[in-house]
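Reviewing the structure listed below.
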Amino acid sequence: MILVVGHKNPDSDSICSAIVASDLLRARGLEATPVRQGEINRETQHILETAGAKQPELRTSVAGEKIWLVDYTDLSQAPDDVKQAEILGIVDHHRLGDVMTVNPLEAWIWPVGCTCTILFNLFKMEQVEISKTNALLMMSAILSDTVGFASPTCTQKDKDAVMVLADIAQVEDLDGFIRSLLIAKTNIEGLTAQELIEKDLKAYPFNGRNVVVGQVELATFDQVQDTVDGMKADLVRRCEEEHLAFAAVMLTDITKATTRLIYAGEWANKLLSFEKDGVLTMENTLSRKKQGWPWLQEHLM
């Protein structure tokens with residue numbers, strides 16, 4: 001059995017890719033099942049319900065298993081015992097991280113907006129029929145990761161995939177589909193400061209230290225006005241307890257492509273000069289992968 005596992009603090013692409021990649025492997029005659037490393041967020045729950053798909057099983061240990069990684073190659077985002085597993089394959093759309101394998105593996109890493117865009121093309125290349133459920137999963141993940149095609153990470157391959165998948169999924173009102181998805185994406189009502197940070201938190205090794213950067217996508221900054229102080233306190237706590245050099249969360253208004261950065265840690269003073277009236281605002285910034293994290297790497301050196 002092959003376990004297909006997305007990253008910690010799973011987002012929609014991580015979950016949808018695990019499900020779809022498992023189906024692709026089964027179409028090859030292999031035994032495969034999707035697993036997840038954390039709880040499903042509200043947007044992903046909306047997608048699963050729309051597609052009629054089940055949540056993958058929760059698994060935080062993969063020791064002794066054969067696995068595929070989807071939507072990441074950084075070991076800090078993998079199960080803690082991943083080095084005791086055999087990695088057979090990778091499908092990802094991020095930078096190449098620090099994963100290493102003992103044996104040769106199948107790896108598909110493309111500079112596109114979503115892992116599901118790569119999987120869509122693998123289905124086409126291998127002439128595997130795409131079910132309506134998988135079409136809904138893949139198009140939803142692509143639209144989520146590219147923020148309805150608005151993100152700078154979006155490529156023509158992403159757009160082309162959605163057009164084909166929408167036809168298979170029998171989605172006639174694509175604009176309405178995107179609106180429903182973005183409403184679910186920005187629904188943070190009732191979440192605590194800690195839950196907001198963990199909603200989409202990724203760890204990165206950088207300059208020999210550990211760094212975490214989260215992102216909360218919003219319809220308006222007013223949604224988090226009352227929890228900013230709590231998030232700052234939680235970032236400080238994480239730095240102290242987890243010995244992090246830096247911890248941050250990007251609060252991104254997806255309607256205006258503007259991000260406010262909340263941050264803490266011993267490297268925090270490197271960013272103070274970018275604040276105005278005590279707030280660090282990143283204009284024209286939607287993507288952590290292509291904009292936020294590269295900017296941070298440049299200024300945390």
Side-chain angles (χ1 to χ4, degrees), residues 5-11 13-14 36-39 41 58-62 69 71-84 92-100 188 191-218 221 224 226-252 259-275 278-282 285-301:
V5 55
H7 53 72
K8 292 176 179 176
N9 300 306
D11 60 4
D13 187 25
S14 179
R36 58 186 169 89
Q37 292 193 69
E39 295 305 316
N41 65 38
L58 179 64
R59 286 282 297 265
T60 57
S61 175
V62 294
L69 308 182
D71 203 28
Y72 66 108
T73 57
D74 284 303
L75 292 180
S76 59
Q77 298 172 24
D80 292 340
D81 56 7
V82 68
K83 291 184 179 179
Q84 300 171 47
D92 188 27
H93 68 120
H94 298 91
R95 65 168 194 169
L96 179 61
D98 55 351
V99 65
M100 294 186 66
I188 61 168
L191 296 181
T192 65
Q194 180 177 341
E195 289 169 336
L196 285 170
I197 289 174
E198 292 179 350
K199 185 173 183 288
D200 187 9
L201 185 68
K202 289 188 176 180
Y204 303 95
F206 184 68
N207 280 354
R209 299 291 302 277
N210 291 323
V211 169
V212 296
V213 182
Q215 185 172 29
V216 181
E217 291 168 308
L218 306 164
F221 290 127
V224 292
D226 296 334
T227 52
V228 167
D229 289 343
M231 284 189 281
K232 287 181 179 178
D234 192 73
L235 292 174
V236 171
R237 176 190 64 80
R238 290 173 190 273
C239 288
E240 293 174 349
E241 294 181 1
E242 301 171 24
H243 307 291
L244 303 173
F246 183 79
V249 60
M250 296 171 59
L251 304 178
T252 302
T259 291
R260 293 180 184 174
L261 191 73
I262 300 174
Y263 55 97
E266 61 186 86
W267 291 352
N269 63 335
K270 297 183 179 184
L271 303 183
L272 293 178
S273 63
F274 297 99
E275 290 189 1
V279 178
L280 197 163
T281 300
M282 306 167 77
T285 302
L286 276 173
S287 171
R288 171 176 50 193
K289 177 182 75 172
K290 199 165 184 176
Q291 296 171 309
W293 177 231
W295 185 88
L296 284 169
Q297 289 180 83
E298 177 184 354
H299 295 290
L300 292 177
M301 291 293 290

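Note that CD1 of Ile188 is 6.0 Å distant from OG1 of Thr227, once rounded to the nearest 0.5 Å. For the atom pair OG1 of Thr192 and CD1 of Ile197, the computed distance is 9.0 Å after rounding to the nearest 0.5 Å. Here the CH2 atom belonging to Trp267 is positioned 10.5 Å from the SG atom belonging to Cys239, to the nearest 0.5 angstrom. Atom CD of Glu217 sits about 6.5 Å away from atom NZ of Lys199, to the nearest 0.5 Å. Here the CG atom belonging to Asn210 is positioned 9.0 Å from the CD atom belonging to Glu242, to the nearest 0.5 angstrom. One finds the CD atom of Gln194 at 11.0 Å from the CG atom of Leu235 (value rounded to the nearest 0.5 Å).
With contacts defined as side-chain heavy-atom distances shorter than 4.5 Å, the pair Leu272/Tyr263 qualifies. Between Val216 and Asp200, the closest side-chain pair of non-hydrogen atoms is not below 4.5 Å. No side-chain heavy atom of Leu69 sits under 4.5 Å from any side-chain heavy atom of Gln77. With a 4.5 Å cut-off on side-chain heavy atoms, Glu195 and Glu39 do not count as touching. For the pair Leu251/Leu218, a side-chain contact is recorded, criterion being any heavy-atom separation below 4.5 Å from C-beta on. Side-chain contact check for Met100 versus Asp98: every heavy-atom pair is 4.5 Å or farther apart. Between Leu296 and Leu261, the closest side-chain pair of non-hydrogen atoms falls below 4.5 Å.
Taking every heavy atom of both residues into account, Gln297 and Phe206 meet most closely at O-CZ, 3.4 Å. Counting all heavy atoms, side chain and backbone alike, Gly38 lies closest to Leu58 at N-CD1, 3.6 Å. Closest approach of Pro79 and Tyr72 over heavy atoms only: CD-OH, 3.8 Å.
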List the steps and the verdict of side-chain contact (heavy atoms from CB on, under 4.5 Å) for Leu280 and Met282.
CA-CA 7 Å; Leu280 197 163; Met282 306 167 77; 3.7 Å; yes

Starting from the C-alpha separation in whole Å, work towards a yes-or-no answer on side-chain contact (heavy atoms from CB on, under 4.5 Å) for Arg288 and Val213.
CA-CA 8 Å; Arg288 171 176 50 193; Val213 182; 4.0 Å; yes

Run the numbers on His93 and Asp71 for side-chain contact (heavy atoms from CB on, under 4.5 Å), then give the verdict.
CA-CA 6 Å; His93 68 120; Asp71 203 28; 3.1 Å; yes

Test side-chain contact (heavy atoms from CB on, under 4.5 Å) on Leu300 and Asn207 and set out the steps.
CA-CA 9 Å; Leu300 292 177; Asn207 280 354; over 6 Å; no

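Checked options Arg95, His94, His7; the residue passing with Asp74 is Arg95 (criterion: side chain to side chain donor-acceptor pair (under 3.5 Å)).
Partners of Lys8 by salt bridge (Lys or Arg N to Asp or Glu O under 4.0 Å), not counting sequence neighbours, listed by chain and number: Asp80. For the salt bridge (Lys or Arg N to Asp or Glu O under 4.0 Å) test, residues two or more places apart in sequence or in another chain that qualify with Glu241 are Arg237. Taking Glu266 as the reference, Arg209 meet the salt bridge (Lys or Arg N to Asp or Glu O under 4.0 Å) condition, with sequence neighbours excluded.
Judged by distance alone, the side chain of Asn9 and the main-chain N or O of Leu201 form a donor-acceptor pair under 3.5 Å. For the pair Gln215 (side chain) and Met250 (backbone), a donor-acceptor distance under 3.5 Å is absent. Within the 3.5 Å criterion, the main-chain N or O of His299 finds no donor-acceptor partner in the side chain of Lys270. Here the side chain of Gln84 pairs no donor or acceptor atom with the backbone of Val62 at under 3.5 angstrom. A donor-acceptor contact shorter than 3.5 Å is absent between the side chain of Arg36 and the backbone of Pro10. Proximity of a side-chain donor or acceptor of Thr285 to a complementary backbone N or O of Thr259 within less than 3.5 Å is not detected. At distances below 3.5 Å, not a single donor-acceptor pair connects side-chain atoms of Ser14 with backbone N or O atoms of Asp11.
By the 30° and 60° cut-offs, the orientation of the rings of Phe274 relative to Trp295 is perpendicular.
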